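A short worksheet on the structure shown next.
What you are looking at is a predicted structure, and each value in this text was computed from that prediction instead of being measured. So that the names make sense, note that chain A is the first sequence line, chain B the second, and so on, each numbered from 1. What you see below is based on every heavy atom in this structure, not just the backbone, and it leaves out hydrogens, waters and symmetry mates.
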Protein chains: 2
Amino acid sequence: MQTGNTISGGTVVVIGIDGGGTKTVAVLADSNGRELARSVGAGANLQTVGAGVVRERIGSLIGNLLSSTMGAVKVRGLAVSLAGVDRPADIPVATEAILGAIADLTAEGQSSPDASADGGEGVDARGLVWELPGGLPIVTNDAVAALAAGASTLDGVVVIAGTGSIAFGVCNGVRARAGGWGSILGDEGSGYALGYGALRAVCRAHDGRAPATSLTGAVLAHVGASTPSDLIGIVSAQTWGVAETAGIAPVVVRDAEAGDAVASGLVDEAAAELVASARAVIDTLPFERSRDLPIVLAGGLWPASARLRDGFASRLSEHVPHARPSVSAHEPVEGAVWLARREAGLLPPGEGG
Amino acid sequence: MQTGNTISGGTVVVIGIDGGGTKTVAVLADSNGRELARSVGAGANLQTVGAGVVRERIGSLIGNLLSSTMGAVKVRGLAVSLAGVDRPADIPVATEAILGAIADLTAEGQSSPDASADGGEGVDARGLVWELPGGLPIVTNDAVAALAAGASTLDGVVVIAGTGSIAFGVCNGVRARAGGWGSILGDEGSGYALGYGALRAVCRAHDGRAPATSLTGAVLAHVGASTPSDLIGIVSAQTWGVAETAGIAPVVVRDAEAGDAVASGLVDEAAAELVASARAVIDTLPFERSRDLPIVLAGGLWPASARLRDGFASRLSEHVPHARPSVSAHEPVEGAVWLARREAGLLPPGEGG
C-alpha cells in the first residue's frame, strides 16, 4: 500500500518507520514532520522474522517512499523502531540490516548512500542525497516510538496494550521495561490475555467450576463453535494462533460493558496487571515526584475500553499520584518521524529532549 | 519395548491397553489379571494423532503381545482406554480403528478375528482364538481406566494430575468430568500449569512486578538459560512444547518443599484447582452422602508432592466430608485389564461393578 505526492528537488525530508509484529508502516515527512508519503508492508519483528527479512522489508518500503521523489531530495534523518529490538546487542544487528537495505537500493540504482565513506552522504542516480547524521539510522525498540509519538519527549512512560503488552520508560536517558515477554511468558493485560481468559472462563463455566457468563454464547458465536467442546479442536488447529486469541478481546470488552461479571473481572484484572507493569517501570526510574509524569497509553485496547482506562487510572493514582495517563492520539510511526527529526536537528527550539 | 513369556495353548487371556498423550502401554494378562506380557509404544491420543495412527499403534502393540503366545490361546477380553476419547461420537471412531488394527494383523497372518461374521470369534493361522464379548473391544476415555485401576470399581471419582489434569466420576453408570480441556483451554492444577506458572513467576520477578523467588535460579538452571531474557528464545523454539513446560514441575515441587513462597503458592493454587474440578464432578453426580466416596489420585504429580496431596485433601474435606482421597498404587493399564476381565465375566463374584 502506498500514498504520496511527487516531491520536488532540494526538499529536506526524514523517514520514520514503525515495524510491529503484524505490519510495518513507513512515512516520508518534510522537515516540519508533515507527511509526504506513506507505505505499509508486512511485520518486521527482529526476533520473529530475523535480520534478513527485516533488511528486505525495510528496503522495499524505503524504495516505495523514494519512488515518489524527484531530483536532489535530501534525506536528513531515518529512524526505525522495531519490535524485538530488546537487548543492546540487537541494535547493531538491526542497524546493519537497515544499512544493507539502503545498499540494496543502491545496487538497484535507486539510491546510493555511501555511508561508510563520507559520513552518510551520497547521491544516487536520480539525484537523491543521503545526509544521515553520523551516517547511521536511529534504531530503537517500538516502545520508544510509541512514547515519542504520545508525549513528544523521550522522558516518560508508555504502556502498550494491543495484541501484546509492555510498559517502557525513559528518564534522563536511563531506560526500564516491564512485561513484553510474549504470549507464553507474559503479555498480562493484553488483548491476548483477555481472549485467553475468556476461552478458559467458558470452559470453567461449562464444567461448573466457575459462574455462568455471557461470554459462553458470545465467544462461541465469535469463533463459530456450537458447544464449548468444539473449542478444543478450534484452538488446536494450525490456523489458530496468538492473533486469533487476541481477536476475542473485543467480545470481552463488549460483555464487560454490558455488565457481565466474569468479563468485567477479566478487564479489571488486565487493568491491575498493566498498573503492576507501569509501577515496576516508574519505581525503577528516578522521575521527579514534584512534576507531572506523562503516561502514554498506546495500542488498540485502550480506545476500546473505558473500563480499562478508568480502572488503570484510578489504580495507578493510588500509588503514583503525579502520574498523568492519557490515550495516545498519534501512531507510533509519528514517533519515529519525530525521532528522525530530532536526530537531524530539525525540531524547533524547546520541543522534545 | 517388550517383556513376556511364552504362553501355552488353551490359556484364556485378556488385553488391556492404556493410550496416553506420550506413551501407550499394552498388557496381556491371564483370567486372574496376572500380567503375562507387556509392550510399550508411542502415544495414542485420538484427537492428537488421529484414528489412522491409533489403528497402526494399537495394532503394533497387540502384534507384539501375541508374538509371545503359542497355539490356541483364547483372547476373551480387550479393553482400550485412550486419551482424547471425550465425546460419545469418539467411541465408534476409536472402536473402528481398533477393529481395523485386528484386521491388519489378520492380513499379516498373525490372527484372524472374524468379528462381523460370528460375534467376535475367529481362529488365526497360529491357532489364536478371538472371543471378544459381542465381537467388540471396550473403548473408554483413559480416565475410566485410571479410576478402575485405583478403585477396582466404576463408581467413584478419579483426579488425574500429570502433564495434564482432569477430574472424572461415575455413579450408577452416569458419568461426569471437569477439566481435561488441554493446555490452552485448561489443565489447571497439572504439571503443565506448575511449569507455566513458574516461567511467568521468573519473568514477573525479573521485572519487579512480583517478589523474588528461588525459582529464578532453579528454572534457569533446569532449562539451561543464563538470564530470564534467554527464556524468550527457549520457549519460542520449535522444540519447546507442553511436555517441556510440564518438565519444570519437579523444580516447583522441590522449591515449594524447601519453603519458597512463590513455589508454594503455585502448588497451593494447583491443589485448589484440582479441588474445584473434583467438586464440580461430585456435585453433578448422585453419590450417597452416607457412604465413603473413593477419590483416586492418579498421575505423576501426586506421588511427587506431599504439599499437593495434603492441600488437596484438607480443602476437599471442608466441602465433601465423606470423600476419601488416596494415591493410586496401580497403573491405568491395570484398570484397562480389569475392564477387559469385567466385560468377559472373569471377575470373581462381588468384585467390581
Item to check | chain A contacts, top residue of B:Ala276, B:Gly233, B:Pro228 (heavy-atom pairs, under 4.5 Å) | outcome: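 Heavy-atom pair counts peak at B:Pro228.
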Checklist entry - Given the options B:Arg279, B:Glu273, B:Glu188, which has more heavy-atom pairs under 4.5 Å with chain A than any of the others? => result B:Glu188
Item to check | Minimum heavy-atom distance A:Arg209-B:Ala280, with the two atoms named | outcome: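 The answer is CG-CB, 4.0 Å.
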Item to check | Nearest-0.5 Å distance, OG of residue A:Ser236 to CG of residue B:Leu185 | outcome: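 The distance works out to 7.0 Å.
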Item to check | Contacting moiety of A:Ser183, where chain B heavy atoms sit under 4.5 Å | outcome: backbone
Next on the checklist: Given heavy-atom pairs under 4.5 angstrom as the criterion, report whether the side chain, backbone, both or neither of A:Arg177 touches chain B.
Outcome noted: backbone
Among the listed options [options], the residue most often paired with chain B at heavy-atom distances under 4.5 Å:
| options | answer |
| --- | --- |
| A:Ser229, A:Gly186, A:Ala210 | A:Gly186 |
| A:Gly182, A:Ala167, A:Ala201, A:Cys203 | A:Cys203 |
| A:Val202, A:Asp207, A:Val281, A:Asp283 | A:Asp207 |

Checklist entry - If only atom types and distance count, is the side chain of B:Arg200 paired as donor or acceptor with the main-chain N or O of A:Ile184 below 3.5 Å? => result yes
Checklist entry - Taking the six-membered ring for Trp, are A:His206 and B:Trp181 parallel (under 30°), tilted (30 to 60°) or perpendicular (over 60°)? => result perpendicular
